[in-house]
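In what follows, a structure is listed as structure tokens, so that the remarks can point back to it.
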Amino acid sequence: MSHPFNAHFAQLARYNAWATARLLDAVAQVSDADYRRDAGLFFRSIHGTLNHLLVGEQLLWFVRFAEGFSPRVALDAEAEPDRARLDERLRAGTARWEPLIAALPAERWAGTLDYTTSQGVPASLPFAGLLAHVFNHSTHHRGQITAALTALGRPAPEIDFVPYLRNPSQP
């Protein structure tokens with residue numbers, strides 16, 4: 001039996017994939033020099049920030065939720081130096097969340113997720129709260145990239161949740 005959180009978080013997973021795809025489509029129009037230059041972001045460049053999304057969302061949190069262990073990878077690691085491959089991995093990675101969430105048993109939502117932080121410290125926090133963090137974290141960094149696009153004089157995609165709710169099938 002599923003829990004109402006299954007449907008709620010599945011919707012957030014679909015939104016995450018939608019917003020990431022729209023952002024990546026806009027980023028594809030940026031020259032490689034602008035894509036890799038220091039734009040004053042926390043992870044410096046658009047490329048660095050996209051790599052951080054890959055590390056945080058896919059290489060750390062997805063593994064923690066899906067496989068129950070915590071890989072050791074630096075949050076600022078360049079996990080994928082190739083721009084086209086990074087785009088592919090981000091798109092594919094966002095698609096993995098919805099099936100994972102749909103399969104979660106109802107009792108899982110009230111529990112905790114035990115993991116090891118990037119600093120090697122054991123942690124145990126509310127399962128649903130940590131999953132909310134994953135999607136909120138991705139939204140935060142997508143917002144940074146849209147600001148970088150605007151600073152470059154490039155159009156930033158509309159990636160708010162409300163436009164998604166109005167037309168989730170719109171690319």
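Small disclaimer: the values here were computed from a predicted structure and weren't measured. Hydrogens, waters and symmetry mates are skipped; everything else that's a heavy atom, side chains included, is used.
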Starting from [Y], can I reach [X] by hopping between I/L/V/M/F/W/Y residues whose side chains sit under 4.5 Å apart?
| X | Y | result |
| --- | --- | --- |
| Tyr115 | Leu100 | yes |
| Leu86 | Trp97 | no |
| Trp61 | Leu54 | no |
| Phe62 | Trp18 | yes |
| Leu60 | Phe43 | no |

Ignoring hydrogens and geometry beyond distance, is a side-chain donor-acceptor pair present between [X] and [Y] at under 3.5 Å?
| X | Y | result |
| --- | --- | --- |
| Arg64 | Ser70 | yes |
| Thr49 | Gln144 | no |
| Thr20 | Arg142 | yes |
| Asn16 | Glu57 | yes |

Arg89 vs Leu59, side-chain contact (heavy atoms from CB on, under 4.5 Å): CA-CA, chis, key distance, verdict: CA-CA 11 Å; Arg89 289 179 69 184; Leu59 303 182; 3.8 Å; yes
Check ion pair Arg91-Glu88 (N to O, under 4.0 angstrom):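 Salt bridge between Arg91 and Glu88, a charged N being under 4.0 Å from a carboxylate O: no.
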Hey, are Arg37 and Asp34 close enough for a salt bridge, meaning a charged N less than 4.0 Å from a carboxylate O?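 Yes.
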Side-chain polar contacts of residues 147-163 - donor-acceptor pairs under 3.5 angstrom, sequence neighbours left out - could you list them?
| residue | atom | partner | partner atom | Å |
| --- | --- | --- | --- | --- |
| Thr150 | OG1 | Thr146 | O | 3.0 |
| Arg154 | NH2 | Gln29 | O | 3.0 |
| Glu158 | OE2 | Asp160 | N | 3.3 |

If we check side-chain hydrogen bond (donor to acceptor under 3.5 Å, both in side chains) with His47, which of these qualifies: Glu78, Arg83, Glu80?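 Exactly one pass, corresponding to Glu78.
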Does CZ belonging to Phe5 count more than 12 external heavy atoms closer than 6.0 Å?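 Count not over threshold, so no.
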Are there over 12 heavy-atom neighbours, none belonging to Arg44, within less than 6.0 Å of that residue's CZ?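 No, CZ of Arg44 has 12 or fewer neighbouring heavy atoms, counting only those of other groups under 6.0 Å.
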Given side-chain contact (heavy atoms from CB on, under 4.5 Å), test Thr94 with Arg14 step by step and report yes or no. CA-CA 8 Å; Thr94 61; Arg14 289 188 300 275; over 6 Å; no
Which atom names give the shortest non-hydrogen contact between [X] and [Y], and what distance separates them?
| X | Y | result |
| --- | --- | --- |
| Val55 | Leu75 | CG1-CA, 4.1 Å |
| Ser45 | Gly48 | OG-N, 2.8 Å |
| Tyr164 | Gln11 | OH-O, 4.0 Å |
| Asn6 | Leu104 | ND2-O, 2.9 Å |

Result block: side-chain N/O donor-acceptor pairs under 3.5 angstrom for residues 122-136, not counting sequence neighbours:
| residue | atom | partner | partner atom | Å |
| --- | --- | --- | --- | --- |
| Ser124 | OG | Thr112 | OG1 | 3.3 |
| Ser124 | OG | Asp114 | OD1 | 2.5 |

Full working for side-chain contact (heavy atoms from CB on, under 4.5 Å) between Thr116 and Val121: CA-CA 5 Å; Thr116 303; Val121 177; 5.9 Å; no
